[in-house]
Every structure is written in structure tokens, then in C-alpha cells.
Amino acid sequence: MAVLMDKEQIKEIIPHRDPFLLIDSVIELEPGVKCVAEKYMSPDEFWFKGHFPDYPVVPGVLMIEMLAQAGCVAMLSLPENKGKTGFFGGIKEAKFRRQVVPGDTLRLETEIIKVKGPIGIGKAIASVNGEKAVVAEISFAIK
């Protein structure tokens with residue numbers, strides 16, 4: 001799929017920076033509604049050194065963060081949210097269904113299902129080659 005935004009363009013929308021900008025590209029975007037992003041799991045990612053040295057896997061909490069960053073792109077790409085920051089409000093019903101390892105490309109899809117003022121909820125799914133790795137409902141506040 002074609003890349004709509006690279007890391008530099010993503011940095012124009014969300015405030016995250018290395019080493020904590022955890023999405024590489026946006027491949028689909030409907031501002032305020034949905035964002036599909038990707039993250040290639042390079043063997044050099046900082047977390048693989050300690051999680052775990054003999055069996056490297058992506059920490060589940062970082063995959064949730066990646067999904068949240070995709071949701072941030074969706075919400076902060078709205079003109080009225082330009083320059084704002086998205087903060088976690090909660091994580092509900094998180095399920096980790098598959099390990100993600102070096103060399104995998106994680107597809108990160110966050111659909112905004114409810115917004116009331118600055119508070120919202122997103123349905124988030126991370127997958128590798130069509131196989132679900134993580135599903136969760138994430139809530140956020142825009143400030």
C-alpha cells in the first residue's frame with residue numbers, strides 16, 4: 001500500500017519524537033475517523049536488547065502505544081486540534097493474540113468510535129500479515 005505520510009510528516013501532526021515516535025508511516029487517513037499506520041520491527045529496536053535477549057518480542061504495552069499514536073494522527077490531523085497533544089485516558093479489553101518479533105511489520109489501525117468534547121474512544125487493532133496481534137479499546141483526551 002502507498003505511503004501517505006513518512007516519519008517527518010507524522011512529526012508535523014503529533015508531538016512524539018525518537019526514541020518514542022513508534023510509527024514509521026501512515027498508509028490510510030480519514031481525519032477524526034481513522035488512521036492506519038505501519039511500524040517495521042527492526043532487529044535494532046531498543047526494546048529487543050532487554051525484552052528478551054534470547055527471545056526478542058515486542059512488549060505488549062509498546063504495541064498499545066503504537067496504536068495510540070495512530071489514533072493521535074487521526075485526531076490531531078483535524079484543523080481544530082492542530083498543535084495539541086493526545087493523552088491516554090484508558091485501555092480496555094486489551095487482548096494479545098500473537099507475538100511480534102524482529103522483521104515483522106505491524107499494521108496499526110485505530111478507528112475513532114466516540115468523541116465527546118476533548119474525550120474520545122478508539123477501536124484499535126494491530127496485525128501482522130492479516131493475523132491479529134493486539135486488539136483493544138483505548139480512550140484519550142486531547143489537550
Name all residues meeting the side-chain contact (heavy atoms from CB on, under 4.5 Å) criterion together with [X]; count only those two or more places apart in sequence or in a different chain, and write none if there are none.
| X | value |
| --- | --- |
| A124 | L67, T110, I138 |
| E38 | S25, I27, T105 |
| Q9 | M5, D6 |
| P53 | none |

What I'd like to find out is whether the side chain of [X] reaches to under 4.5 Å of the side chain of [Y], using heavy atoms alone.
| X | Y | value |
| --- | --- | --- |
| M66 | V58 | yes |
| F96 | V61 | no |
| L21 | I14 | yes |

For the hydrophobic clusters of this structure (ILVMFWY residues joined by side-chain heavy atoms under 4.5 Å, transitively), does one cluster hold both [X] and [Y]?
| X | Y | answer |
| --- | --- | --- |
| V36 | L22 | no |
| V33 | V73 | no |
| I125 | I64 | no |
| L78 | I121 | no |
| F88 | L76 | yes |

Not counting sequence neighbours, list each pair that qualifies as a salt bridge (Lys or Arg N to Asp or Glu O under 4.0 Å) and has a residue in [range].
| range | answer |
| --- | --- |
| residues 48-75 | none |
| residues 108-123 | K34-E109, R107-E109 |
| residues 78-90 | none |

Of all heavy-atom pairs between [X] and [Y], which one has the smallest distance, and what is that distance?
| X | Y | value |
| --- | --- | --- |
| P19 | F46 | O-CE2, 3.5 Å |
| V135 | K132 | CG1-CD, 3.8 Å |
| L106 | A133 | CD1-CB, 4.2 Å |
| S77 | I13 | N-CG2, 3.8 Å |
| F140 | G122 | CE2-N, 4.2 Å |
| P56 | F48 | CB-CD2, 3.5 Å |

Separation of [Y] [atom2] from [X] [atom1] (nearest 0.5 Å):
| X | Y | atom1 | atom2 | value |
| --- | --- | --- | --- | --- |
| I119 | F87 | CD1 | CZ | 11.5 Å |
| C35 | Q69 | SG | CD | 10.5 Å |
| D24 | K39 | CG | NZ | 4.5 Å |
| I23 | L108 | CD1 | CG | 7.5 Å |

Steps toward side chain to side chain contact (heavy atoms under 4.5 Å, CB included) verdict (V26, V3): CA-CA 6 Å; V26 170; V3 172; over 6 Å; no
List in chain and number order the residues that pass salt bridge (Lys or Arg N to Asp or Glu O under 4.0 Å) with [X], two or more places apart in sequence or in another chain; answer none if no residue qualifies.
| X | answer |
| --- | --- |
| R98 | D104, E131 |
| E8 | K11 |
| E12 | none |
| D18 | K7 |

Under the side chain to side chain contact (heavy atoms under 4.5 Å, CB included) criterion, do E137 and I113 qualify, and how do the steps go? CA-CA 9 Å; E137 184 179 284; I113 57 174; 4.2 Å; yes
For V57, the rest of its hydrophobic cluster, which grows through side-chain links under 4.5 angstrom: F52, Y55, V101
